[in-house]
Amino acid sequence: RAVTLPVMEAALRALFPSARLVGDKYPNYIYHLDAIVESDGILPLVIYRDGRDVVSSTLDNVRTLWAGQRWVKSVQTAEEVARQWVEAMAIMERQAARCHRIRYEDLVRKPRPVLAELGRWLDVDPSAFPRRRIHDTSIGKYRQNLSADDLAAVTRIAGPALERLGYVL
């Protein structure tokens with residue numbers, strides 16, 4: 001059965017029948033954001049991060065945890081991952097007025113104000129968010145994990161989007 005918004009909503013309601021709000025983390029939802037923002041009762045939250053770290057993390061997973069999976073064929077190179085990240089950021093920017101955006105680096109470096117704003121947006125008490133689970137160990141790993149050629153390719157492809165989103169090249 002196809003995973004559509006009504007199917008996801010039904011599944012989440014069945015799993016959490018008394019919850020006022022539930023969240024679901026699946027990065028590829030970004031490619032459906034245009035439809036998601038049109039849905040009643042859904043509050044789209046996008047947490048985005050430095051595209052260079054996305055490329056680094058994705059390639060690391062492709063070579064280890066996800067090795068041999070058929071679906072990783074479209075994310076085998078730094079160029080492919082960078083193009084997908086640029087597409088995802090364009091979708092997010094296009095829908096900026098209709099979703100709540102959090103820059104990952106701000107969340108991990110300054111969780112209190114970021115979570116306070118998220119709490120206001122969701123109309124919940126932000127003190128219940130588990131701040132102790134937030135850590136910054138994933139920021140800037142691309143510096144050690146990407147080759148010079150991969151980093152050059154990512155910068156060529158994603159540089160304008162990185163700069164638009166406030167990342168220093």
Side-chain angles (χ1 to χ4, degrees), residues 1-58 61 65-66 69 71-72 74-75 80-142 157-158 160-168:
R1 187 164 145 170
V3 178
T4 62
L5 287 173
V7 169
M8 285 305 303
E9 182 178 5
L12 291 172
R13 286 193 191 283
L15 288 170
F16 307 101
S18 61
R20 186 172 74 94
L21 294 170
V22 296
D24 185 17
K25 177 192 170 201
Y26 178 62
N28 286 346
Y29 284 145
I30 192 73
Y31 301 107
H32 305 282
L33 189 58
D34 292 328
I36 291 170
V37 298
E38 298 294 333
S39 301
D40 290 334
I42 295 180
L43 300 171
L45 166 65
V46 177
I47 300 176
Y48 65 96
R49 67 191 279 222
D50 187 320
R52 296 164 293 191
D53 278 330
V54 170
V55 171
S56 172
S57 175
T58 301
N61 284 325
L65 296 173
W66 305 334
Q69 300 293 320
W71 58 269
V72 301
S74 66
V75 289
E80 291 167 333
V81 180
R83 283 188 192 95
Q84 288 184 15
W85 182 85
V86 168
E87 178 186 354
M89 295 303 95
I91 294 166
M92 178 192 73
E93 289 175 303
R94 183 173 62 241
Q95 295 298 345
R98 302 180 75 190
C99 64
H100 187 74
R101 299 179 301 159
I102 294 177
R103 183 176 149 140
Y104 174 79
E105 294 81 6
D106 293 340
L107 173 64
V108 300
R109 289 182 176 138
K110 302 177 282 184
R112 190 175 307 267
V114 172
L115 293 175
E117 180 58 32
L118 177 59
R120 281 190 291 279
W121 180 71
L122 292 172
D123 192 27
V124 299
D125 179 3
S127 67
F129 293 129
R131 284 199 330 257
R132 69 186 173 283
R133 294 181 66 191
I134 299 171
H135 52 84
D136 66 356
T137 57
S138 294
I139 296 175
K141 287 181 97 172
Y142 72 89
I157 293 165
L162 286 163
E163 288 184 322
R164 241 186 358 264
L165 294 168
Y167 293 102
V168 177

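Excluded from the calculations below are hydrogen atoms, water molecules and symmetry mates; all remaining heavy atoms, backbone and side chain alike, are included.
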ask   = Should R94 and D34 be marked as a side-chain contact (heavy atoms from CB on, under 4.5 Å) after you check the CA-CA gap, both sets of side-chain angles, and the distance that decides it?
value = CA-CA 9 Å; R94 183 173 62 241; D34 292 328; 2.6 Å; yes
key: Spacing of S57 atom OG and R52 atom CZ [to the nearest 0.5 Å]   = 14.5 Å
query = Where is the tightest heavy-atom contact between H32 and N28, given as atom of each residue plus distance?
reply = CD2-O, 3.4 Å
query = If you round to the nearest 0.5 Å, how far is CG of L45 from CG of L122?
reply = 7.0 Å
inquiry  = I'd like to know if R120 and E117 make a salt bridge, using a cut-off of under 4.0 Å between side-chain N and carboxylate O.
reply    = yes
Closest non-hydrogen atom pair, I134 against P111 = CD1-CB, 4.0 Å
query = Taking all atoms of both residues into account, what is the closest heavy-atom pair of V46 and C99, and its distance?
reply = CG2-SG, 4.1 Å
key: Ring geometry between W71 and W66 (parallel below 30°, tilted from 30 to 60°, perpendicular above 60°)   = tilted
ask   = What is the distance from atom CD of E93 to atom CZ of R164, rounded to the nearest 0.5 Å?
value = 4.0 Å
message = For S74, is there any backbone N or O sitting under 3.5 Å from a side-chain donor or acceptor partner on Q84?
response = yes
ask   = Tell me, do V124 and F129 make a side-chain contact under 4.5 Å, heavy atoms counted?
value = yes
ask   = Is any NZ, NE, NH1 or NH2 atom of the basic residue among R98 and E38 found under 4.0 Å from an Asp or Glu carboxylate oxygen of the other?
value = yes
query = Quick one: are L118 and L107 in side-chain contact, heavy atoms under 4.5 Å?
reply = no
ask   = Hey, which of Y142, Y167, W85, Y104 is the one that makes side chain to side chain contact (heavy atoms under 4.5 Å, CB included) with D53?
value = Y142
request  = Could you walk me through whether H100 and L43 pass the side-chain contact (heavy atoms from CB on, under 4.5 Å) test, one step at a time?
outcome  = CA-CA 8 Å; H100 187 74; L43 300 171; over 6 Å; no
message = Ignoring hydrogens and geometry beyond distance, is a side-chain donor-acceptor pair present between Y31 and E87 at under 3.5 Å?
response = no
message = Distance check, rounded to the nearest 0.5 Å: I157 atom CD1 versus E80 atom CD?
response = 9.5 Å
ask   = Please walk me through it: do E9 and S39 pass side-chain contact (heavy atoms from CB on, under 4.5 Å)?
value = CA-CA 11 Å; E9 182 178 5; S39 301; over 6 Å; no
key: L165 side, atom CG; R101 side, atom CZ - distance, nearest 0.5 Å   = 7.5 Å
task = Could you pull out the closest heavy-atom pair between V114 and D106, with the gap in Å?
result = CG2-O, 3.7 Å
inquiry  = For P44 versus L33, what's the shortest heavy-atom pair and its separation?
reply    = CB-CD1, 3.8 Å
note = All heavy atoms of V55 vs all of A82, minimum pair found to be CG2-N, 3.8 Å
key: R13 atom CZ: more than 12 heavy-atom contacts under 6.0 Å   = no
Pairwise distance CD1(I139) to CG(D50) - rounded to 0.5 angstrom = 9.0 Å
